[in-house]
Amino acid sequence: MAWAGVLVGGSEPGPVYFDAGSGPNVPSATHWSAYDGRARRPRAEALRAVCACGWRGAVEYPLDWGTIGYQPLYAADVDLAGPLADWTAHLSAAREAAVPLPETLAALLGAVAEQLTVTAADALRAAGVLERIAARVGRTAAGALRDDGLSAEFGGHRPRRTTYSKALVLLLTAQDG
């Protein structure tokens, strides 16, 4: 779930790679602060709000390299208020557009979330149990959709914050489980 992305030459660049010596694994990053022009990495020209759902903010926030100088972006006093405000507004709009959970289910999930903050070990065990429950419920829901003739063509019935392709992957994964 990102909230700030960079623009280089008017578009979003691919990941930056870090030279870690020889070997088959080359570390990479897409965090906005990695695009500082050091070590032959691209130099960000502007920031904008981005979201993991694919949404991109329309407003670009130019970076003032005259003020930043040669220091790494993570160490510079970069004003992130604009991209953060745009991303927060996007999340609010997405929450308002989402189909709400039934109140009883939302309350139950809230109570579960509160209990998961007790200890890390308990949280990990509970996460495993929740994962198994989600897989089982997903298979049941996928079967019901298939039986209703909706199968992969259930685009109008997906949660509003889910893209069609993500909903399709969720359905097909649940069917295969």
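Throughout, numbering of the chain's residues begins at 1 and tracks the sequence. None of the values given here were measured: they were computed from a predicted structure.
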> By side chain to side chain contact (heavy atoms under 4.5 Å, CB included), which residues pair with Leu124, not counting sequence neighbours?
Replying inline: none
>> According to side chain to side chain contact (heavy atoms under 4.5 Å, CB included), who are the partners of Ala46, at least two apart in sequence or on a separate chain?
In response: Leu7, Glu60
> Which atom names give the shortest non-hydrogen contact between Ala44 and Val8, and what distance separates them?
Replying inline: CA-CG2, 3.9 Å
> Who passes side chain to side chain contact (heavy atoms under 4.5 Å, CB included) against Ser33, sequence neighbours left out?
Replying inline: His31, Leu73, Tyr74
> Shortest non-hydrogen contact from Val50 to Ala4?
Replying inline: CG2-C, 3.8 Å
> By ring pair (Phe, Tyr, Trp, His ring centres under 6.0 Å), which residues pair with Trp65, not counting sequence neighbours?
Replying inline: none
> Applying side chain to side chain donor-acceptor pair (under 3.5 Å), which residue pairs with at least one partner in residues 39-52 are found, sequence neighbours left out?
Replying inline: Glu12-Arg48, Asp36-Arg41
> Between Trp87 and Trp55, what is the shortest heavy-atom contact and its length?
Replying inline: CA-CZ3, 4.2 Å
> Do any pairs count as a salt bridge (Lys or Arg N to Asp or Glu O under 4.0 Å) and have a residue in residues 97-110, sequence neighbours left out, and if so which ones?
Replying inline: none
> With Ala107, which residues qualify under side chain to side chain contact (heavy atoms under 4.5 Å, CB included), at least two apart?
Replying inline: none
> Who passes side-chain hydrogen bond (donor to acceptor under 3.5 Å, both in side chains) against Asp64, sequence neighbours left out?
Replying inline: Thr67
>> Considering only residues two or more places apart or on different chains, which pairs with a residue in residues 75-93 satisfy salt bridge (Lys or Arg N to Asp or Glu O under 4.0 Å)?
In response: none
> What residues join Val26 in its hydrophobic cluster, counting side-chain heavy atom gaps under 4.5 Å, either direct or through other members?
Replying inline: Tyr17
> Ala29 and Ala34: which non-hydrogen atoms are nearest, and at how many Å?
Replying inline: CB-CB, 4.3 Å
>> Show every ring pair (Phe, Tyr, Trp, His ring centres under 6.0 Å) that has at least one partner inside residues 35-54, sequence neighbours left out.
In response: none
